[in-house]
Number of protein chains: 2
Amino acid sequence: MKPKLTLKQIARELDVSVSTVSKALRDSVEISEETRQKIKAFAKLYNYKPNNIALSLKNRKTKTIGLLLPEIVHDFFATIIAGIEEVANKRGYNVIICLSNNSFDREVMNMEMLASGSIDGFILSVAKETQQKEDYHHLEEVINQGMPVVLVDRVVDCITCDKVIIDDMEGARKAVQHLIDNGCRKIAAITTVDYVSVGKLRTQGYAKALKENNRTVDETLILKIEDIDNSEQQIVNFVRDHDMDGIFAVNEHFSTSAIKGINLKGLSVPGDVSVISFSDGELSKRFIPSLSTINQHGAEMGRKAADLLIDRLELPVDDEKYQTNVIGTSLIVRESSSIKSTAMF
Amino acid sequence: MKPKLTLKQIARELDVSVSTVSKALRDSVEISEETRQKIKAFAKLYNYKPNNIALSLKNRKTKTIGLLLPEIVHDFFATIIAGIEEVANKRGYNVIICLSNNSFDREVMNMEMLASGSIDGFILSVAKETQQKEDYHHLEEVINQGMPVVLVDRVVDCITCDKVIIDDMEGARKAVQHLIDNGCRKIAAITTVDYVSVGKLRTQGYAKALKENNRTVDETLILKIEDIDNSEQQIVNFVRDHDMDGIFAVNEHFSTSAIKGINLKGLSVPGDVSVISFSDGELSKRFIPSLSTINQHGAEMGRKAADLLIDRLELPVDDEKYQTNVIGTSLIVRESSSIKSTAMF
DNA sequence: AACAGTCACGAAATCGATTTCGTGTTGAAA
DNA sequence: TTTCAACACGAAATCGATTTCGTGACTGTT
């Protein structure tokens, strides 16, 4: 209906020039008090708002940041988004979200789409397929173009830019140490294939904890999942076929499948087997028994990533030094890993 | 580094005018085959991409849609986003996401921010606080300004625009009927306060199912939650203090709290009490026992909303008639509501 | 030879806002 | 009376791309 007001229309209406209107609205001393008040009153009355697009073009900055994630129906990523959005909003930025669905092609497409002027900088977590292909041309291109990029969680070592990660290895080590402290003797790991960077690191953390306690790493007790969507049966079978009293899983879903397997075997959690996993989402809190986890502080990661990016956009480019921020993890002990009675004495 | 290529630079480099370059790249017949090839080759070589912002300004359309949601760390909303993103991406649109965190002020702020030229249209689910205040000026303003708006899930009756909702009342009725079919005689409802539109409708569906089966609605068996974040203890107490053999909850979280309460009472699910809820998220699938639910098909809602909005943006404004699309629900029976043995004979 | 019609391209307006320069008017100082 | 500064405002360039309208150079027709 109302095709929204422009400076030109105000100028015509008030019989002054466009420049005068612009200056008046920005409180320039060039304009007389009287004219200024008249223009501002008119603008307020008709609710004038400068056109963002025109401003973006003029200023060569869009005040929006692009966020490219592998998926979104996943508490961890959703939490990251919430953190980013919180900071972006506070600092006057908008967030454009794109999903790669873990596909390399979609990741490339989306980056090209956004890089053509729509955004001032990128925050991204690379797709699984991209990590598998190890093809990062699209990233290099965007960076060479002078656009700031912050990598979160699923990062790429060979790309130099700001990064926000969690200490996956240390988190995993802490988790397994917790199981050991609880008296577990045969601890299994349910993890992902190695090309997923965070999966690999967590597997290493698992091994590290065992070695630090002079345990041998039994490869048959490590299950590496390729296809996450159809992992349940695989995990149930794994649990059924192996003897264990502790399980470290790299995410909540693996944990719940494992617990199902344990129950089917006629054993109980934590009575016979202790379970702990990464990712502290709703599932962990609500599950019965509630799940012990390593909390990744997704919101903090998101906030940190957004601050890093916006700082680089707004602050003088003093240093070309890139930061890698490590967000701490915390061990949250719940029912699934309560101390075994045999270990209490 | 490379401050990205513009038409002007190509023109200067090739010693032709800007108009010629633009026309050549758009395959205009005005330009000779030879010049066209030369320009296109140059553009490809240096990877020219037109500036989106300049295009937006010129075309008066940004090819991006604004999405304003109450929250995101919630499977249902995350699923809606995925659906919207899927369609938007396919049809060449970007999605800017803002979160209101259920706050009225943030909802208004974000709408103003986006409405100033950044987007072509809105998809939104109104904040709880907004529904409580019943103040929809910001919505009316945006709509009067001529910007298409699609409301999803948490809609507002008094606003005329396209809407995508689920049949909350019917879904609830189906759920409760399922419990009745399973032999439940005392069915409790765990729902939200009435000003949340979907909560109210679901409560009505619960009552409707009971009446259709000639049962009386016992108000003491209806628990209305105000503060969702601190609802667990309240629910546990409610379950402890009342006698019931069936529970209908308006979301997964209430279900799990209820199950915890039942267990604490020394009863089991579904043996003693059947449980069913709205929202088919990860939690329902993974929980032990797995939860029977009413699936809301969030992805479909998102896809439908995006299609509605983009149609209105692109198709001739043939009709001012607004659609209200009702997305069906489906009953998913899992372990938490398996038929009671007593009811089987 | 004169005129019309292509062809191939450039100039300029446009989108909406900001900002740098000018410039006409006024009052005061010399 | 002349001159100069301050004042208040407008014209025009700019951001990057598209598009309308013109125009100079040829070609072809009679």
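As the structure is a prediction and not an experimental result, all values here were calculated from the model. Note: hydrogens, waters and symmetry copies are ignored here, and every other heavy atom, side chains too, is used.
Here the nucleotide nearest the side chain of B/Ser19, chosen from C/dA11, D/dG16, C/dT18, is C/dA11.
Applying the side chain to side chain contact (heavy atoms under 4.5 Å, CB included) test to B/Ala24 and every residue at least two apart in sequence or in another chain returns B/Ile31, B/Arg36, B/Ile39.
If you take CG of A/Leu55 and C1' of C/dC15, they are 13 Å apart, rounded to a whole angstrom. Between B/Lys63 atom NZ and C/dC15 atom P the separation is 21 Å, expressed in whole Å. One can place CZ of A/Arg12 at 11 Å from P of C/dG16, the figure rounded to the nearest angstrom. Across the protein-nucleic acid pair, B/Asn52 atom CG and D/dC15 atom C1' stand 15 Å apart, rounded to whole Å. Atom CG in A/Leu57 sits about 14 Å away from atom C1' in C/dT19, given to the nearest Å.
Side-chain nitrogen and oxygen atoms of B/Lys8 include at least one within less than 4.0 Å of the OP1 or OP2 phosphate oxygen of D/dC15. Taking side-chain N and O atoms only, A/Lys4 has no distance below 4.0 Å to OP1 or OP2 of C/dG16. When the side-chain nitrogen and oxygen atoms of A/Arg26 are compared with OP1 and OP2 of C/dA17, none of them lie within a distance under 4.0 Å.
Of the charged side-chain nitrogens involved, at least one lies within less than 4.0 Å of a carboxylate oxygen, so that B/Arg91 and B/Asp311 count as a salt-bridged pair. Taking a cutoff of 4.0 Å between a charged side-chain nitrogen and a carboxylate oxygen, B/Glu86 and B/Lys90 qualify as a salt bridge. Taking 4.0 Å as the cut-off between side-chain N and carboxylate O, A/Glu85 and B/Arg106 count as a salt-bridged pair. Checked for salt-bridge contact, A/Lys63 and A/Glu314 meet the test: a charged N lies under 4.0 Å from a carboxylate O.
Residue B/Ser22 is classed as a base contact, given a heavy-atom separation below 4.0 Å to a base. Heavy atoms of A/Leu7 sit under 4.0 angstrom from at least one base atom.
Across the helix from C/dA1-D/dT30 to C/dA30-D/dT1, the helix axis at one end is tilted relative to the axis at the other end by 80° (nearest 10 degrees, each axis from five pairs).
Between B/Thr160 and B/Tyr322, the shortest heavy-atom contact is O-CE1, 4.0 Å.
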Anything under 3.5 Å between a protein N or O and an N or O of nucleotides 6-9 of chain C, put it in a table, one pair a line.
{"residue": "C/dC9", "atom": "OP1", "partner": "B/Thr35", "partner atom": "OG1", "Å": "2.6"}
{"residue": "C/dC9", "atom": "OP2", "partner": "B/Ser32", "partner atom": "N", "Å": "2.9"}
{"residue": "C/dC9", "atom": "OP2", "partner": "B/Ser32", "partner atom": "OG", "Å": "3.1"}
{"residue": "C/dC9", "atom": "OP2", "partner": "B/Thr35", "partner atom": "OG1", "Å": "3.2"}
{"residue": "C/dC9", "atom": "N4", "partner": "B/Glu30", "partner atom": "OE1", "Å": "2.3"}

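With DNA chain C read from its 5' end, the first of the two nearest nucleotides for B/Lys58 and A/Asn59 is the one closest to B/Lys58.
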